[in-house]
Amino acid sequence: MQSTKQLIKAGFIIRYLSYSTQFIRKRCFSSTTIMSSRPSVYVTRRVPQIGVDILRKTCDISQWESDDPVPRDVLLRNVEGKDALYCLLTEKIDKELLDRAGSKLRAVATMSVGYDHIDVVECSRRNISVGFTPDVLTSATAELTVSLLLATARRLKEGISAVKDGSWGTWKPLWLCGQGLDGATVGIVGLGRIGTAVAKRLQPFGVDKILYNNVIETKSAKEVGAHFVSLDELLKNSDFVLCCCALTDENRGLFNEAAFSKMKKNAIFINTSRGGMVNQDDLFKALSTGQIAGAGLDVTTPEPLPTNHPLLTLDNCVILPHIASATYKSRNAMSELTARNISAALQGQEMPCQVKV
Ligand code: DGY
């Protein structure tokens, strides 16, 4: 009798404990009230999975699951209270965003080598580490720069159109002649990682001289036999003018009417840096009046360039949709490095590639 009473009592206790455990679990772990000690990271786009997988091991991830940019208001909402932000060059990281993120934010890592979209001074003031992805995209970007140069100089766009639209006709000695690299002078504005890699890839084409202009002379110039000259000298003497530098407030719009008017008539201008380096109205004028021979742009303002933009009417202007780093290898490595930058900062360490202010 006694043991039956004890059994009934024990049953009540077990049921009570199980109900209360369920109650606590529901309150604390429902989808709206996730209590987690793991840091939270917001990822602003669908990105190569490798980076997300790395972060998922130690962080709670929320993500804008689209190939199109996250609308600004959604970004501002979703960044609130996050410990880290994984962003792209399409997101402006400014005071407004940092205010909305709040004081927990410790890391902003962009999946790009360029970080002109981030207010790095403001981040530094708030002790927020900023990461970027140099080196891992250098080969891909240099390769595309050379491809664009060749496509523009050898008039591939016009050739492909002629094949398609039937204007090809018979072989003509004077048709679609362009500029060759053999014996040419190449001027590189910005002989950094990418500029140097471009110079190396151009040497086997038999270029005669490589000139460069930077804020200061660079060590890597010796490796590629490049000569430091003033910007004016570079513009005046180069058959190919390549813009490979990072965009800053100081050099914004550097390639304007004054610059194009100093270039040779046969000059080919290539930009794989940022659209902001170029005054596009001035470029249109230079290309349509024969001031320069051609231009190849992988970057424009804005992006995408409206389909009715005047530059798109020109045969001597080749425009690509910002694809310089677009190889699988490079984009995977960029995603991985972005994740490693975030992980390091969240552990209180210096990022593998941290912007120094
Ligand atoms: C960059 O990384 O800054 C390029 O523009 C895109 O890869």
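Computed from a predicted model, the values in this text were never measured in an experiment. Atom set for the values below is all heavy atoms of this structure, side chains included, hydrogens, waters and symmetry mates excluded. Whatever order the structure lists ligands and atoms in, that order sets their numbers, starting from 1. Just so you know, residue 1 is the first one in the sequence shown, and it goes up from there.
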TODO: Mind jotting down which protein residues get a heavy-atom contact under 4.0 Å with ligand 1? Chain and number order, please.
DONE: Leu89, Ser112, Val113, Gly114, Leu137, Arg274, His322, Ser325, Met334
- [ ] Sequence neighbours left out, what passes salt bridge (Lys or Arg N to Asp or Glu O under 4.0 Å) with Asp67? Give chain and number order.
- [x] Arg46
TODO: Using a strict cut-off of less than 4.0 Å between a Lys/Arg side-chain nitrogen and an Asp/Glu carboxylate oxygen, indicate whether Asp99 and Arg126 qualify as a salt bridge.
DONE: yes
TODO: Could you tell me whether the side chain of Asp94 and the main chain of Leu97 form a donor-acceptor pair under 3.5 Å?
DONE: yes
Task: Pairs where residues 180-203 contributes a residue and the test ring pair (Phe, Tyr, Trp, His ring centres under 6.0 Å) is met, not counting sequence neighbours - done: none
TODO: Linking directly or through intermediates, with side-chain heavy atoms under 4.5 Å: list the remaining ILVMFWY members grouped with Trp168, chain and number order.
DONE: Val163, Trp175, Leu176
Open item on the list: To check you understand the geometry: which heavy-atom pair defines the closest contact between Met334 and Thr338, and what is its length?
Closed with: O-OG1, 2.6 Å
